[in-house]
Amino acid sequence: MSIKEAEVLQEKVQNGFMVERMEDMNDEYLKALKQTLAIVGDTELLSVPPLLTVYDQAPNLNYKITALAVMQDEIGHAHIAYRLLEDLGEDTEEMLYRRPPNRWKNPYAFDFKLDNWVELGVFNGLFDRSGYTLLGDAYEHTSYGPWKRALVKVDKEELFHLRNGEIIMKNAMKNPETAKQVQVAVDWMFLMALEFFGVADNLKSRSAQLDYRLKGRSNDELRQKWLSTAVPFCESIGIKVPAHYDEEQGKYVIDVPFPCKFDPENKKWLTDQPDTWEGAIERFKQRGPQNKEFVTRIQKGAWELEQMRAEEA
Ligand SMILES: [Fe+2]
Ligand SMILES: [Fe+2]
């Protein structure tokens, strides 16, 4: 593909052209789209195992049903992304059931089990807010028609997830013991939610996702958007967060080093040890403690079914 060819499609989509078929794409577009959808599918699907680790600690049946509804939504969202990938020629059977755990593209934050029910609320309140911010942007701006249409439903459901998180967090603040759990959870999840948006803009020379309008806002713009709702919400319920709005700069600033070194065993940020994005990406590649267990949980049923069929044959 020539540079000219790439520029023609980039200009078309920047002017509002919607890509509907593979014939509308060039190789670069197809590659960026597949990468994006793979990250989205893996993120949706791998959000379920951490939620499952504590859903049975729900304080009442209503909460339990809501948690199950959230998980069902996430599996539906994953299905949408993988189904789109299948239409683009990807072997999703292989992707789902044969891919080694360390090659899944879910956020590092999802490689951890949750410690208690309150953490499920903070997971919904902060991480689903990242999902809502990212997918809301894609819904608004994406040039890929089939994805845009599917995101109508996803957008509404993500908003429900994050509101559910806010309700759990708010209620937990009424009791000193659970209020402390909210703060402990926010302490490790806040920066992790900010990591969802990826490397700082000044470290990225170009982004095919932006050039081809798969998304509309840059990583730092999305981070600001997340902060603009997460910080006021946390403060409104009496939770301390390591970020504040800076009047002079007209934007939110993070009060601790970011990126920062993290101790996965104790789920603690080592705020006296600043990191680079290279270092953070290295940590993501090392994967978190539950990566193998969670991916195996997804894949195991398919392997067992295969085994059963082989024995019957
Ligand atoms: Fe989702
Ligand atoms: Fe969600």
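First listed ligand is number 1; within each ligand, the first listed atom is number 1.
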task = Kindly assign one of parallel, tilted or perpendicular to the pair Tyr212 and Tyr29, based on the angle between their ring planes and the thresholds 30° and 60°.
result =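 Perpendicular: the ring planes of Tyr212 and Tyr29 meet at over 60°.
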
query = For residues 184-212, which residue pairs qualify under salt bridge (Lys or Arg N to Asp or Glu O under 4.0 Å), counting only residues two or more places apart or in two chains?
reply =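 Found Glu28-Arg206, Glu195-Arg283, Arg206-Asp211.
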
message = Show every salt bridge (Lys or Arg N to Asp or Glu O under 4.0 Å) that has at least one partner inside residues 83-101, sequence neighbours left out.
response =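 Qualifying pairs, neighbours excluded: Lys34-Glu90, Asp42-Arg99, Arg83-Asp87, Arg98-Glu306.
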
Protein N, O or S atoms lying under 2.8 Å from the Fe ion (ligand 1), listed by chain and number =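 The answer is Glu44 OE1, Glu74 OE1, His77 ND1, Glu158 OE2.
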
task = Examine distances only and state if a side-chain atom of Thr92 and a backbone atom of Met95 form a donor-acceptor pair shorter than 3.5 Å.
result =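 Absent.
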
key: Test of ring centre spacing under 6.0 Å for Phe110 and Phe294   =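 Ring centres of Phe294 and Phe110 not closer than 6.0 Å.
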
Expected list for residues 113-121: side-chain donor-acceptor pairs under 3.5 angstrom, two or more places apart:
{"unit_1": "Asp115", "atom_1": "OD2", "unit_2": "Lys267", "atom_2": "NZ", "d": "3.4"}
{"unit_1": "Asn116", "atom_1": "OD1", "unit_2": "Val118", "atom_2": "N", "d": "3.2"}
{"unit_1": "Asn116", "atom_1": "OD1", "unit_2": "Glu119", "atom_2": "N", "d": "2.9"}
{"unit_1": "Glu119", "atom_1": "OE1", "unit_2": "Asp115", "atom_2": "N", "d": "2.8"}
{"unit_1": "Glu119", "atom_1": "OE1", "unit_2": "Lys267", "atom_2": "NZ", "d": "3.4"}
{"unit_1": "Glu119", "atom_1": "OE2", "unit_2": "Trp188", "atom_2": "NE1", "d": "2.9"}

